[in-house]
Structure formats: C-alpha cells, structure tokens
Amino acid sequence: MTEQKQTYDPAAIEPKWQQFWLQHKVFKAKNPGDPGFDPAQPKYYALDMFPYPSAAGLHVGHPEGYTATDIVSRWKRAKGCNVLHPMGWDAFGLPAEQYAIQTNTHPAKTTAANVATFRSQLQRLGFSYDWDRELSTADPKYFRWTQWIWKQLHARGLAYESNAPVWWCEALGTVLANDEVINGKSERGDHPCERRPLRQWVLKITEYAERLLGDLDGLDWSESLKTMQREWIGKSEGAEIDFDVLGHAGTKVRVFTTRADTLFGASFLVLSPEHPLVASITAPAQRGAVVDYQKTAASKSELERTELAKEKSGVWTGAHAHNPLFAADDPKGRIPIWIADYVIVTYGTGAIMAVPAGDERDFEFATKFGLPIPGIFAPQTGDAERDGRIARGEVCCPDEAPYAAHCRTADGAIALAGKSLAQGKRAVLDWLVAHRRGEAKVTYKLRDWLFSRQRYWGEPFPVLHTQDGVELVADAQLPVELPYMEDFKPGGVPESPLIRAKDWVATKDSKGRPAQREINTMPGAAGSSWYFLRFCDPHNANAFCSKAASDYWLPVDLYVGGTEHAVGHLLYSRFWTKVLHDAGSVTVKEPFHKLYNQGMIQAFAYQDARGATVPKADTKEVGDDVVHATTGEKLKQIVTKMSKRYGNVVNPDDVVAEYGADTLRLYEMYMGPLADSKPWNPKDVPGVHRFLQRSWRLAVPEFPEHGTLHAHLRSDRPDDPELEKALHRTIHKVDGDIERMAFNTAISAMMIFVNEATKGMERLSRSQLLRFAQLLQPFAPHIAEELWERLGGQGLLTRAPWPPVDPKLLVDDEVEIAVQVLGKLRGRALVPNGAPNDVVLAAARVAVASYLEGKTVIKEIVVPGKLVNFVVK
RNA sequence: GCCGGAGUGGCGGAAUCGGCAGACGCACAGGUUUCAAAAACCUGCGCCGCAAGGCGUGCGGGUUCAAGUCCCGCCUCCGGCACCA
C-alpha cells in the first residue's frame, strides 16, 4: 500500500511540463507583425545577463538572478503583458579559450558542448524563455552583425589604430582593457600585467564620456552602481596652465589643475617620467639621474608602482619654470621642475603644478626633498596655534580656507583675500585666459576602449591591410569567419595565433591586389555589447535588428545580473547603444531602464585555530559542532564564497535530483533579499520542499484509492469566508512583493496561507486552490501547473490571468490594538475597525486598568487600528 | 585614505510611512502516530528570572508619548576606487 502513495514527486511532473512548454512554444514572444500579435498588450522585456558557457556547468549563482527575472516574466504575462524573456550564450572570449587550451580541444567544439550542457541545465529549471530567440555570440550569423556594427563605429571615426602602451598579460598571451586589470593583475586568473606598446584597435568611448555620465540620471539603477560608473568616467573640471621653461625659449609645460586658485602657492612642477619634454629640458648635470629614474620607473610594473606608492620618489631635471602670476624678475616666480612617478602620464597633461600648502601629495613630496612650502591661506578658526602653522606652510590645508593677503598680483589684477573658493578659481582663471596663459578644461579618467586581443577565439575584424592602408570588408562579404586552426594557442609573443593561418591572412583587396587580413580579434565584450538588441529580432538576415522590433521592445524593462559588470559590460553596452542611436539605427539612448544587481550566493567553510580553511571533506559533525575529521579539533564556521578549494560548491543538478527544480527556485528566492549576499545552507532546503509537499497535499490524497483529487475539490462550492479573506490578503501581498522584487517575503506569505489552509483542509474550495496555484506559478511553475491540471483549471496555468483582489476582503471588522502605558506594552484591546477614538480609548482603559490606577493620564495617543499609548504621571 | 552597503535570537531572515521587535523557514526540545524508525502532524522556543518582573536590534549619546527605523559621535564586516592633480 505505502509504495503506491501519491506523494509530491517532482521527478515525474517537472520533465512532463518542461517538454509540454517547449513543444507548444508556450513562451514564444510575438513581435509586431507576427500572427496573433496584440498591439493593445503592454510590452515587458525582462533580461538576464547571459552566461559564459563554462565547462564547469551551471553554478547555483546563475539560477538566482534567472529565477528572479523568470518570476517577474511569468507574473507580467499573468498581468496581460507581451513578455520578451530570452536567453543566449556569451560564447567568445578568454574563459572558453583557456578551457580549450587546457583540454587541448578546439574551442568551437568545447563551446558547443558547454552550450549544450548549459541549455539542458537551464531547461531543467523551468525558465520561461522563448528558446526560438536563443543566440550565441560565436555564431557567424550573429557575429556578422558584430562586425557590421564595428564598421559603423569605424565609419563614424570612433575606431582607430594606436601604438600607445597597453596592458599586456604574459600568462594569458594577450592585451587587456583597463577594467580587466585590477591593481596590475588580470581580472581573470590574477596574472601580473605590464604596459607595452603594441598596435591595437581602440574605440573612442571618451567622445561619449559626457553623455554616458549625464544620461545616468534618468536610469532606475542603484545609486551605488551609478556612483561606480560616475567614478569610472571620472569627470573633473579645472584649468590648464602654461609655464615657460627658463632658458628654453618657446618651451612651455602645460599642467592640469582643479585648483587654479592655488597658483600663488605653486613652488615646483612635476612631470611624469614618461613626459615628452623631459629629455629636452633636462640639464646635462642631471641627465644621468633623470635617465636612471626613468629606467627604474619603466621597469616597475604598474603593480609595483602602486604597491610601493607609500614613499614618494623623484629627481630634479635641473630646469626651472616661471610661475606666470609673478613678474619675470621676481625670484618667487622661479620654480624647479622635477619628475616623479606619482604623476601619471595618461591623465590630464601628464604634468602638474605642485602646491604643497594645499595638496597632501605635493606636501609629502616637498617635505621629503626639502622644497619650499609657501603658505597661501590665512585661516581664523580660533585655534591660533594651528592657524599659524597653516599660514606658515607647516601644515597642509587641502580644503577651502581664507586666502592670505599676499595672494595678489603686483598690479592688483588678482586679489584673492576675502574671496570664496569658487570666486578664487574664477579670478585666477579669468586672469589666465586674459593673459593667454591658460584655459578652462574638463578631463575624464575614462580612457578609450582597447578593442583587440591577440587571441584566436574572438570575432575577426572586417579589416584588410592593403598597400594603401586599411580597407574594410564590404557588407556583402560579412561575416569574416575564423579559419579552422589545429593549433590556436597564443605563441607567447604579443601576436595573434591567426598569424599562423597564412592562407587566411593572405587575401586580395577590392582592387585585386595582395592584402593581409587583420590578425587581432575582438574582445569578449564585443558580442555582449549589443545582444539585447539582437534578441528583439534574432533571425533577421538583413539587419542586426529591425527598427520596428527595437522600437517596440527597447528599452529593457528589467535587467538582472551581478555587480562584476558594473563598469565594463554596462558602460560598453550604453556606448554602443548611443552610437547606434546617433546612426539612426535605434531610437533609445539608453538600453537598460531598470537594473538590479543580485547578491552572491556564498557557502559555509570551516577554519581551524590558526585561521586556515579546512576543506569540507576533512570535517565532520559531532553534535552541534563541526570538527576536523582526523585531529578532532573544533572548527569555526565562516561564510565565504563557494570554491573548489574549500569543497563547498553546490551543484544545481544535485539539488534538482534530490528535491526538484521548483524547490531549487523557491529556496534561492527564499534565502533572503535578492540584492544581498547570503550563504547556502543545505539544512534550509528541505524547509521550502516541505512547503511544496503541503501545497500538494491540499489537493492530492495520499492514497490512490481516494482518487487524484480530494473529494471536496471535485466540484465547485461556496468559498469559505475565512480562507477567502486569507487568500485575498495573500494575493495582495504576493503581488506587491513581486513588484518590489521581495521574493522572500512573497514566499513566506504563501507559506502562511498554506499553513492556514492545511488546518481546515476540507473547507478549502476548488476555486480557492486554483487561485493559489496561480499565485505559486511564477515561483514554482511545475507543481502549480500540475495542480491546475488536476483541479480542472481552464487551459494552461501559465496563460491564466492573475487572480483579482477584492479590497473589501483586505480589511477586518474587528482589530486588535496594542495598549501601552508610557510606551510599554501592557495590554490589548479588541475594537471595531474604524471605531471612533473615544470608543477605542474606553476599551484601552479597561485593558490596562491596573496600570492606570492611582495615576493621572496627561496624554492619550491613538494610532487608528494599531495602538493606544497612555502617558501618565 | 576616499565613496557605497550592512550589523536584529543558536542560524537564514521579517518589520514597506517613527507605532505591538523577532513574521516565515531552519535547528533544537516535548508530544501524537508507529512493533520500531522515517515521514507527517501538534506544542514550545530572544536573554535573565521559580515568579512578579526586568533587559534586548554593533557601541555611546540625543530627539520623541513612542526609535531596528530619525540626528550626532564611534566600532566591525562586505563591496568599489585608490598618488587622477
């Protein structure tokens, strides 16, 4: 008998519905013009950051964001929206190629295998993707358009070749963009990187810096993410100022500063060691020291330069400059020119005016090398001791402070005393402009986007090098496909392995003359910078995306992914969208309206007394403690990221095998707020599984002889009013919680309903259970669809509209209010909802009579429907 | 160093607008059922205390009838940036 129990069996129902949905294309999104397209429906575009199909397969971190967008997608469909919810593969790039190299298999082969794994893993989780729109960035039908878009960039003067120093990573055998290098090490693999000059394709993203900054304001992104982009763009308003080099007629050093007002305190100049003027201005006596310093600076990797940044270093060039504010014969205007590696050649003009009285770095440098520190401020804070030290230049004062009386030109054209910071800057800048010694200037930290790699597995450029220079491959000849290469490994030289594909490289230009193909390939971020556009119109053979399709679907209404793409991918995608907008190819200026960053799923790990992490396999549980399996030492539980090293990686396949996809989805959403990082606790998983079992038992009898449904659910009957009320509240709560992406509390509300319904199971009506299935559907679609079918719901649950809420059922006739005396809870009172204050107060007085005895009530506070507070004496 | 975010029971977390702190889940304890176990179900579960009661949202102050929530000053953890002139 027991073996025939009709218990909740996800292994039976999940594949059944997955196949049904897939075969019937239930989640196919219709474009304008498609048969059955309904223009009256609002559109909703819910997008996941598509994955790199790595060999490791899906990680539990992937389904976190994917489940969130799936819930929203299913809910939006139930609310009557035409929903675009696609999935694809970021298949080109370093991770795929590194894996291919490790396994000595061609990346085309490993990528195809990895994609197949990812697809089947995702399909086992019941996501409502429109699989007809699946795409891969490594598919020639896709990258044909990546190449085409690159040609648009080139046509608009936004792609150029450069020989400037770039980040070279020896271990990866390629160059990397700024955002791929962190503290001088590669973001992927943590390998050391260094700067080297190399011919590269570069995209002029800096031309869009101002718009990329300004358009952030209108986006529904977290402030912290916007701040990260703003800081990366790094806008800085200031001035450029020319200093004549003494003894070198006609030679000027141009510096950038945000504090032109401190020019009176500039007591030396500093050029970066790579500054082009260094060689020509260095005095013969200093040449040896300067060249030595330049060599040392060059041999230091960027990593060492930042790590060893604690102590300032530099040498004098032997040259002097003249501070333009002072008369030509005024000795105060004669200032030395130094070189130092704390000045960066790529920022501003690569040269600064040092004002030690107002800048900590300059102060440190001046102190170390005994350079003058002229005081330029006269603060009067009341701390006479400190004010005096600032005035004498003994203490650095980087903030706003009153100017000293001597901050004035001899002719009185500038007199800073009494002026504010803004007025001071203005006064000096106006003077500089009038005397043609400088101008207002805005600079950005953002640098142009290094857009080529010396690797095999990427999009080839549609570029030929001819005897006349660069020639672009005609649109009709796109895509330029990769040649098949047995040996695709980087050669250890800063050159693409494509150089070895001699038959491919050697070609003819449009005039039939010999030409060579470009051997650099595009970076991983190329294909991912526009995939959200292709999803709108994925099979278009005549355009990257029809204007009608992108006009309809864009912008993406909800984009969910990790913070790791805060500057790279999100900035690049915004840039390409703006360029395509300028070219008239898309209407929107911004691709992603709402962006949501999910937190990281972490795991427990165990540390011994020394703080060393003990792999999971070497631990065991003894009672409430976790101890070292061999030494028996008691271990401390910590929360950290999942890692092979700690042996704490959770594989979603295992969770699906044991509990089913619905449990995995539900657990990931129940763990906590989507935006938070939180640890995976295997002991918590059965909790949500039990909730699904209880939901199942509400409908299905334990033993088959009682039928596939409880008897009281086989026909319609009046709804129990108490459960009806509870259900409406639950619908209302779940609705609001999905809206604000608070999935954990939505699930908890459904749990409360099921607990209540379980207490009076036979009171539950078929209609109520059907509506509960509708609520559950976005979260646990398989069990919900199965219950819907068993209950005889009309059509497919995934096509059913969201159940309505009767606002009348959300209010109670009677409410229990808290009664406080002096702010402490002393009793409770039951009063009619909306009762007048005197009725509430009367009931409240009774509830806390013993606390009021012998006291004088001096104040009565009533919060309707919630609480009464008596203030007594 | 600078800029964000966070700190609530044994654990994950809830409290959406200043109004009953600890919803929901886990773990734990007791019980029902069972030959037994699992499962399921019921009850309890912040801390101290026999109780009355007191204490309690990182720490110290403040505002308020009322503070996890607001203000001031600290501490710790996480993320980002880091000599950007």
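Across all strands shown, B/U57 remains unpaired; no Watson-Crick or G-U wobble contact has both distances below 3.5 Å.
A distance of about 28 Å separates the P atoms of B/A52 and B/G60, rounded to the whole Å. Nucleotides B/G7 and B/G19 have their C1' atoms positioned 24 Å apart, rounded to a whole Å. Taking the P atoms as reference points, B/U34 lies 33 Å from B/A23, given to the whole Å. Annotation: B/A82 and B/C3 have their P atoms spaced 16 Å apart (nearest Å). A distance of about 14 Å separates the C1' atoms of B/G46 and B/G68, rounded to the whole Å. Comparing the C1' positions of B/C78 and B/G58 gives an interatomic distance of 15 Å, to the nearest angstrom. For the P atom pair drawn from B/C41 and B/A51, the interatomic distance equals 31 Å after rounding to whole Å. Separation of the P atoms belonging to B/U16 and B/G10 is 23 Å when rounded to the nearest angstrom.
When the side-chain nitrogen and oxygen atoms of A/R690 are compared with OP1 and OP2 of B/A39, none of them lie within a distance under 4.0 Å. Close to B/G13, at under 4.0 Å from its OP1 or OP2, lies no side-chain N or O of A/N681. Within the 4.0 Å cut-off from OP1 or OP2 of B/A40, at least one side-chain nitrogen or oxygen of A/Q693 is found. For B/C65, one of the phosphate oxygens OP1 or OP2 lies less than 4.0 angstrom from a side-chain nitrogen or oxygen of A/K859. Of the side-chain N and O atoms in A/K824, one or more sit less than 4.0 angstrom from OP1 or OP2 of B/C55. Contact annotation: A/Y347 reaches the phosphate of B/A85 (side-chain N/O to OP1 or OP2, under 4.0 Å). Between A/R230 and the phosphate of B/C3, there is no side-chain N or O to OP1/OP2 separation shorter than 4.0 Å. Dashed line: the shortest gap from a side-chain N or O of A/N744 to OP1 or OP2 of B/A14 is under 4.0 Å. For the pair A/Y667 and B/G13, the criterion of a side-chain N or O lying under 4.0 Å from OP1 or OP2 is not met. For A/R694, a side-chain nitrogen or oxygen approaches OP1 or OP2 of B/G25 to under 4.0 Å. Checking the phosphate oxygens (OP1, OP2) of B/A85, a side-chain nitrogen or oxygen of A/S236 falls inside 4.0 Å.
Salt bridge status for A/K312 with A/D362: absent, with no side-chain N to carboxylate O gap under 4.0 Å. Using a 4.0 Å cut-off between a side-chain N of Lys or Arg and a carboxylate O of Asp or Glu, A/E210 and A/K235 qualify as a salt bridge. Taking 4.0 Å as the cut-off between side-chain N and carboxylate O, A/K725 and A/E756 do not count as a salt-bridged pair. A salt bridge links A/E223 with A/R230: the distance from a Lys NZ or Arg NE/NH1/NH2 to an Asp or Glu carboxylate oxygen falls below 4.0 Å.
Regarding A/M228, its CE atom lies at a distance of 13 Å from the C1' atom of B/A82, rounded to whole Å. One atom, CD of A/E360, and another, P of B/C2, lie 10 Å apart when rounded to the nearest Å. If you measure from atom CG of A/L269 to atom P of B/A85, you get 17 Å, rounded to the nearest angstrom. Rounded to a whole Å, the CG atom of A/L570 is 14 Å from the C1' atom of B/G80. With rounding to whole Å, A/F604 atom CZ is found 15 Å from B/C26 atom P. Following rounding to the nearest Å, A/N755 (CG) and B/C42 (C1') show an atom-to-atom distance of 13 Å. Distance CG (A/L841) to C1' (B/C65): 13 Å, rounded to an integer number of Å. For A/K866 and B/G18, the NZ to P distance is 11 Å, given to the nearest whole Å.
Looking at heavy-atom distances under 4.0 Å, A/P686 makes no contact with the nucleic acid at all. Nucleic acid contact class of A/K445 (heavy atoms, under 4.0 Å, all strands): base. Residue contacts for A/Y851: at a heavy-atom cut-off of 4.0 Å it reaches the sugar-phosphate backbone alone, with no base atom in range. Across all strands shown, A/R828 has heavy atoms under 4.0 Å from base atoms, whether or not it also approaches the sugar-phosphate. Contact annotation for A/S224: backbone-only contact, meaning every heavy-atom pair under 4.0 Å involves sugar-phosphate atoms and none involves a base. Within 4.0 Å (heavy atoms only), A/D676 reaches no atom of the nucleic acid at all.
Comparing B/C83, B/C24, B/C20 against the side chain of A/D341 picks out B/C83 as the nearest. Taking the side chain of A/D684 as heavy atoms from C-beta on, and the options B/G25, B/G19, B/C65, the nearest nucleotide is B/G25. Candidate nucleotides B/A14, B/G12, B/A85 were compared by shortest atom distance to the side chain of A/P673, and B/A14 ranks first. The side chain of A/T257 has B/A85 as its nearest neighbour among B/G19, B/A85, B/C81. Nearest to the side chain of A/L867, among B/G54, B/G13, B/G19, sits B/G19. Side-chain proximity of A/T258 to the nucleotides B/G19, B/A85, B/G12 is greatest for B/A85. Proximity note for A/V343 (side chain, C-beta onward) versus B/A85, B/A15, B/C3: the nearest is B/A85.
In the interface, the side chain of A/K312 is paired with the base of B/C83 through a donor and an acceptor atom under 3.5 Å apart.
Judged purely by atom type and a 3.5 angstrom limit, A/K683 has no side-chain atom pairing as donor or acceptor with the backbone of A/N681. A donor-acceptor pair is defined here as one N or O able to donate and one able to accept, closer than 3.5 Å; such a pair exists between the side chain of A/H710 and the backbone of A/R697. A/D341 places no side-chain N or O within 3.5 Å of a backbone atom of A/P273 that could act as its donor or acceptor partner. At distances below 3.5 Å, at least one donor-acceptor pair connects side-chain atoms of A/E400 with backbone N or O atoms of A/L421.
Residues A/D735 and A/W75 bring a donor and an acceptor atom of their side chains to less than 3.5 Å of each other.
Glycosidic conformation of B/G61: anti, with the torsion beyond 90° of 0. Because its glycosidic torsion is more than 90° from 0, B/C55 is reported here as anti.
Residue whose closest nucleotide on RNA chain B sits further toward the 5' end, between A/I752 and A/R447: A/I752. Both A/A351 and A/G672 lie near RNA chain B, and the one whose nearest nucleotide falls closer to the 5' end is A/G672.
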